[in-house]
Amino acid sequence: ELLMVTKHSKCEPAYTLARALVAQGEEANAIILVSKMLKLAPTRGNCFNLLMKMKDTPRRNSIVDEHLKRLTPLAKTRDRVAGLLGRQLIRVLRFEDAAEVTRGASDRGHAVAMAARAAALFWADRFEEARSVAAAGLSQPDLLDSIKASLYLTSGRCSIVFGEADEAVATLERRVADCGEAGTADSTIVYAYLAAGRPKDAYEFYWKLHGTNPLFQEAKRSPGPSELRALRDEGRKLPGHCVVGALNMGLGDEIRAFQMMPQIAACFEQVTFLCDRRLQPFLSRPPEGVRFQSLTDEPVSDFDNTFTRYRIDKPGFDLIRSADYALNITQFYAVFRASPDDFPSSGQHWHADERQVQRWTDWLAEGPAQPAVGLFWRCTFASKSSGQKTTQLRDWLEYLSDLNVCIVPLQYDLTDEEREIIASDPRIRPLPDGFDPKKDIEELAGLLVALPLTVSVPGTTHHLGGAVGGT
């Protein structure tokens, strides 16, 4: 049924199914669907991109070759198809073919073809021609952001090749400023900043682009997921000292990472986990082969204010520099939590202090007779996904209006509006004065165990509740 829809130029349902199949590891079925979609709608670029994300197998490569041959005659008469084919030929490293197939359309001023030809010429080591085509393309009016970003990128790369670091930086900064989100989807500007002797700017942009802490580059080496996977599968250990941390991420990420420390310890001779000092009460029994080092609030002075967001202190920074290896926790999720089977049967790996649990149990018993529900409704950590983790307290109160429950607000960094709502709504029982769920993590753990139920967006409260066995 989906292929019949595809036949009538409505590919989105079939494409959505194919993506879902790939995500679930069903590439054998996905490749059948994508192959048929490409035959029915050969100019659907997203179908080709999905195909290229699949494993490099003879079958996939055969489908790619057939598709490119199918597009070639269309490209001779349709400039848009010429640009599309050029981009796809670049994906399979056929740079000279891409430059040739886009030549006519580029000469006629077709923007997509000009962007593809400029990129193809660059990768074919024809830098002067690439720069000329990119400059001509950028002179075109009303370019789409994605096309403009591609032309700026080729121009900046050419400047780097020619040793014109300052010109490269200026070009690529214009790309960031003029092209919206498309202007940041590449790390070439990092190399331009380094070539221009501006390492702080390079590090700052790298963090914005990848969400990965560039301080880890100070170590001698940072093994990637493929190497970690090989170490795990082969049961090998790398000799030397590895520092692990989540320095530009949230406290909840550190809590999640702790559960994977035994697997990390199995890959290295010695492991140190740099962690927030608020977690210290839970770290008295580290896994074998792992030691913990708590970070203070004192930032590294070497970088002025540039890296204060990384929550790294001088001892931690010196440790990274002296280490043989360094890992950001984002590097090993894909290895040790690649499928549902990789997760332990129970998420609990810490125990809340029994005295704290009893104290909060008594506090809850002193309150209203209705069942208590803890509520954490808003992520406060700045990240690309934080907007997806933010709800409104007033919406929750409306949603829970039909339930006879007592709401315990677990949110920290409250706004003035939220404080007013909490003070005025009789269904809400405020936390005791002096208790800050952001700072008093050990007490928060006891409360999460004592509460019959907690509802939370993803964040520290959510991860801590799972770690200590809360509901």
Side-chain angles (χ1 to χ4, degrees), residues 1-124 126 129-130 133 137 143-144 146-147 149-151 153-154 182 185:
E1 288 178 357
L2 287 169
L3 287 170
M4 287 302 296
V5 172
T6 303
K7 193 172 183 179
H8 292 89
S9 302
K10 296 180 181 177
C11 293
E12 204 56 41
Y15 174 70
T16 301
L17 174 60
R19 283 186 61 185
L21 290 169
V22 171
Q24 294 180 17
E26 294 285 343
E27 286 194 6
N29 289 324
I31 202 167
I32 295 172
L33 186 56
V34 171
S35 173
K36 293 183 181 295
M37 289 167 65
L38 286 171
K39 289 178 181 178
L40 293 167
T43 59
R44 290 281 297 199
N46 57 359
C47 296
F48 179 85
N49 293 338
L50 183 62
L51 183 64
M52 292 301 296
K53 291 178 182 178
M54 298 183 194
K55 293 177 183 176
D56 187 354
T57 63
R59 185 182 184 191
R60 189 208 70 171
N61 294 338
S62 174
I63 294 171
V64 168
D65 289 340
E66 289 176 10
H67 167 70
L68 295 175
K69 288 177 183 177
R70 198 179 301 120
L71 274 187
T72 299
L74 296 175
K76 294 178 181 178
T77 58
R78 295 162 62 181
D79 289 350
R80 187 181 73 83
V81 177
L84 175 67
L85 178 57
R87 290 161 64 177
Q88 294 181 354
L89 286 166
I90 291 173
R91 288 289 301 272
V92 296
L93 310 184
R94 289 169 56 180
F95 307 128
E96 291 289 356
D97 289 343
E100 179 60 28
V101 81
T102 54
R103 182 158 57 89
S106 177
D107 291 345
R108 289 188 288 273
H110 192 275
V112 175
M114 294 180 85
R117 178 166 167 76
L121 289 168
F122 175 84
W123 294 116
R126 295 160 63 179
E129 294 175 83
V133 173
L143 292 172
L144 294 174
S146 58
I147 302 302
S150 176
L151 291 165
L153 181 59
T154 298

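Along the sequence shown, the residues carry numbers beginning at 1.
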Donor on one side chain, acceptor on other, Arg19 and Asn46, under 3.5 Å: no

Between [atom1] on residue [X] and [atom2] on residue [Y], distance to nearest 0.5 Å:
{"X": "Glu27", "Y": "Leu51", "atom1": "CD", "atom2": "CG", "value": "9.5 Å"}
{"X": "Asp79", "Y": "Leu84", "atom1": "CG", "atom2": "CG", "value": "12.5 Å"}
{"X": "Leu17", "Y": "Met37", "atom1": "CG", "atom2": "CE", "value": "9.0 Å"}
{"X": "Thr57", "Y": "Ile63", "atom1": "OG1", "atom2": "CD1", "value": "7.5 Å"}
{"X": "Leu121", "Y": "Glu100", "atom1": "CG", "atom2": "CD", "value": "10.0 Å"}
{"X": "Asp97", "Y": "Leu68", "atom1": "CG", "atom2": "CG", "value": "9.5 Å"}

Smallest separation among heavy atoms of [X] and [Y], with atom names:
{"X": "Met114", "Y": "Ser106", "value": "CG-OG, 3.5 Å"}
{"X": "Ala130", "Y": "Phe122", "value": "CB-N, 3.5 Å"}
{"X": "Thr102", "Y": "Gly83", "value": "CG2-CA, 4.3 Å"}
{"X": "Ile90", "Y": "Ala116", "value": "CD1-O, 3.5 Å"}
{"X": "Ala18", "Y": "Ala30", "value": "O-CB, 3.9 Å"}
{"X": "Ala75", "Y": "Val101", "value": "CB-CG2, 4.1 Å"}

CA sep, side-chain torsions, deciding dist, call: Ile147, Val112, side chain to side chain contact (heavy atoms under 4.5 Å, CB included): CA-CA 6 Å; Ile147 302 302; Val112 175; 3.8 Å; yes

Full working for side chain to side chain contact (heavy atoms under 4.5 Å, CB included) between Met54 and Val34: CA-CA 11 Å; Met54 298 183 194; Val34 171; 3.8 Å; yes

Atom CZ of Arg60 with >12 non-hydrogen neighbours under 6.0 angstrom: yes

Counterpart residues, salt bridge (charged side-chain N to carboxylate O under 4.0 Å, His left out), relative to Arg87 (two or more places apart): none

Step-by-step side chain to side chain contact (heavy atoms under 4.5 Å, CB included) determination, Arg59 to Ile32: CA-CA 10 Å; Arg59 185 182 184 191; Ile32 295 172; 3.3 Å; yes

Expected output: side-chain Arg117 to main-chain Val133 donor-acceptor under 3.5 Å: no

Side-chain donor/acceptor of Ser150 to backbone N/O of Ser146, under 3.5 Å: no

Listed partners of His110 passing ring-ring contact (aromatic ring centres under 6.0 Å, His included), at least two apart: none

Which residues share a side chain to side chain donor-acceptor pair (under 3.5 Å) with Glu66, sequence neighbours left out: none

